[in-house]
Amino acid sequence: MKDIKAMWTGRVLSVLENMAGTAGIDSKGFSKSLSVGKPPDSNMGDLSYPLFPFAKDFKKAPPALAGEIAGELGGEEAGVSVAGPYLNIRIDRAAAISRLLENIESFGDKWGSGDELTGRKVMVEFSSPNTNKPLHLGHLRNDILGESCARIIASRGADVQKVNLVNDRGVHICKSMLAYQKFGNGESPESLGVKSDRFVGDLYVKFSQWAKEDKSADGQAQTMLQAWEAGDEEVRKLWLTMNNWALDGINATYERTGVSFDRIYRESETYLMGKDEVLKGLDSGVLYKDKDGSVRIDMEDIGLDTKVLLRSDGTSVYITQDLGTAISRHEEWPFDQLIYVVGSEQEYHFRVLFYTLQKLGFPWADKLRHLSYGMVNLPEGRMKSREGTVVDADDLIDRLSSLALKEIKEKGRENDVDDAPATAEKIAVAALHYFLLQVSPTKDMIFNPEESLAFNGNTGPYLQYMVARVSGLIAKAPEAVRSAAVNPALLDRRDEWDLTRLISEFPELVSRAAEKLDPSILAAGLYEIAREFSRYYHDVPIAKAENPELAASRMALAGAVLTTLKSGFRLLNIPYIESM
RNA sequence: GCCCCGGUAGCUCAGCUGGAUAGAGCAACUGCCUCCUAAGCAGUAGGUCAGCCGUUCGAAUCGGCUCCGGGGUACCA
């Protein structure tokens, strides 16, 4: 599709330039002014060239220009038509359909992939949970964005490493530990039958309640942190136990949602990194020691204030560690890009981090990128852990899953699906992921619990439903249709052409999503294909077409739809189900 | 105060490298299951694209100002 577009643009441009030549008009800026669009309706053609920009040069009205160019290009017979000031091109459809079917055949599952990122090493950091509580809705957005971007980039050829920096140390971790010592009664997740990360999270909540009554609580947590840093055996032992509880639970949630990592970093192992680098920067004069004793960077160059990189007591702050980990990651695996999937509230942090690395003389500092995404809010406003409005990840998926199961039963489809509970779970994950990916990453979004539980309309389950229908269609195709020859020329309906176009453009869509790190582009594209197919499926007999040849040809198109949707599902981490 | 992001239908969101009547879904109303899965399809209704000014043949899209909302501006992460 892309090459056809380029070919036509070239032809239109050269006609314009020739016309300018004979009229003695300067055509230098022409290639810049010539833009390609799409007519509002595919009946009008497939490419459109507005001619307004050339009216002044030629001293002719755009429609007249369009007429002249159309004549030069061969007119209606060549697929060139004039609609007012627009020159519309209708491309050779039978040939395009034919080529699409061949392409789909040869790409198979890899339809949508490409190679413009081949040879690039890209590290994607996302999730970054704390080991004092279970994952919540905010993490789910982060996880699916990271996972999906990683898959999209990989499909365009990049060598991708997904990494997770687990925040497993600090005062907040000590708080749940302290609560366990005080109120845990020696219980365990097993003894209470509670998911292990929830068990730890409940203790964290317990601490907060206790701290409200007892002013010494925070001090005690601080003391425990010191003991932890000093390597106190007992504290370390408890820490290990509770961290494992938290991580086991968190991993179970990752497994549920299909999120995975190639490498896990733990802050307990990295939190001392970076200090040396800061001291080196101090020696070289890039950084300075403030009169209060802290080591700082001055960011006046970029219109920012100063930032502390080492406390006056010589200890590290969060950013010190980030400096260190970035440096060691680049040493271990010299990436061409490192993408941090982190909420927009940390934009300032990353500006400082990137600037500091650049000042410290690391030439790869410009390869760092913060994929900043908006917050997930509730209709009533921000989620607040203190008010208990934080939406727990497992709870949410549980609710979605049981609703989906109810739906399967109500529709009497229990016997048609493989395994009803498993199918329900896949529907739940699809609903969730699609809901979160639909919105542009940069934007804040509102999570309305009721609406998000819907399975109708523009939702993940709708997409799954279309896939299930095509799967069924193909699985049930009679032998006569299977063995009949495919003839692309028979696919001459307008809806067939519209589908062809959408499917043909899919690889370009993936490419754009990769470039912009925006899976919502893909989500929108998949919905469009599903909707177009749904209409087609409703209006046109496919397997039951009037003759086997036509049926086979339509089946081939349906197969192309299936391949495309399945491929898109993988990229968006939406589970595929054959029957629902 | 300063910096960043947003303001499009009642609600949730697309569209924003300027181009032909601004699109979906939900909610409302109306039709369609002897016909490949009705988690579907079709239709009706719903919009000063926050406001003003500017650039342009042409602005939801670009620029400026104003208003409203969110985030940030820690020796927290």
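Lettering of chains follows the sequences in order, A, B, ..., and the numbering in each one begins at 1.
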Looking across every strand, which nucleic acid part, if any, lies under 4.0 Å from [X] by heavy atom: base, sugar-phosphate, or nothing?
X: Lys56(A); value: sugar-phosphate
X: Ser579(A); value: base
X: Ile542(A); value: base
X: Glu407(A); value: base
X: Tyr348(A); value: sugar-phosphate
X: Phe52(A); value: base
X: Lys476(A); value: sugar-phosphate
X: Arg351(A); value: sugar-phosphate
X: Met44(A); value: base
X: Asn88(A); value: base
X: Asp444(A); value: sugar-phosphate
X: Val470(A); value: nothing
X: Arg382(A); value: sugar-phosphate
X: Ile408(A); value: base

Considering only the [atom1] atoms, how many Å lie between [N] and [M], rounded to the nearest integer?
N: A14(B); M: G25(B); atom1: P; value: 16 Å
N: C53(B); M: C49(B); atom1: P; value: 13 Å
N: A50(B); M: U12(B); atom1: P; value: 15 Å
N: G18(B); M: A60(B); atom1: P; value: 14 Å
N: C5(B); M: C11(B); atom1: P; value: 25 Å
N: A24(B); M: G47(B); atom1: C1'; value: 14 Å
N: U8(B); M: C13(B); atom1: C1'; value: 10 Å
N: U61(B); M: G7(B); atom1: P; value: 11 Å

5′-ward residue of the pair Ile521(A)/Tyr527(A) relative to RNA chain B: Ile521(A)

Nearest listed nucleotide, side chain of [X], among [options]:
X: Ser440(A); options: A20(B), G40(B), G15(B); value: G15(B)
X: Ala83(A); options: A20(B), G40(B), C75(B); value: A20(B)
X: Met375(A); options: A14(B), G25(B), G70(B); value: G70(B)
X: Val317(A); options: C13(B), G40(B), C76(B); value: C76(B)
X: Ser294(A); options: U37(B), A39(B), C75(B); value: C75(B)
X: Ile446(A); options: U37(B), C75(B), C13(B); value: C13(B)

Chi class for C49(B): syn within 90° of 0, otherwise anti: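 Classified anti.
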
Residue pair Thr389(A), Glu380(A): steps toward the side-chain hydrogen bond (donor to acceptor under 3.5 Å, both in side chains) verdict: CA-CA 10 Å; Thr389(A) 54; Glu380(A) 312 81 55; over 6 Å; no

Side-chain donor/acceptor of Asp539(A) to base of C41(B), under 3.5 Å: no

Side-chain donor/acceptor of Ser312(A) to base of C75(B), under 3.5 Å: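 A donor-acceptor contact between them is present.
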
Note, Leu473(A) side chain near Leu562(A) side chain (heavy atom, < 4.5 Å): no

CZ/Arg535(A): more than 12 non-hydrogen atoms of other groups inside 6.0 Å: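 Count over threshold, so yes.
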
Greater than 12 external heavy atoms within 6.0 Å of Asp290(A)'s CG: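 Above 12, so yes.
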
Pair Tyr527(A) and Tyr434(A), ring centroids less than 6.0 Å apart: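 Judged by ring-centre distance (under 6.0 Å), Tyr527(A) and Tyr434(A) do not meet the cut-off.
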
Phosphate-side-chain proximity, Arg469(A) and G40(B), N/O vs OP1/OP2 below 4.0 Å: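 Checking Arg469(A) against G40(B): no side-chain N or O falls below 4.0 Å of OP1 or OP2.
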
Flag for Ser294(A)-Arg296(A): side-chain donor and acceptor within less than 3.5 Å: yes

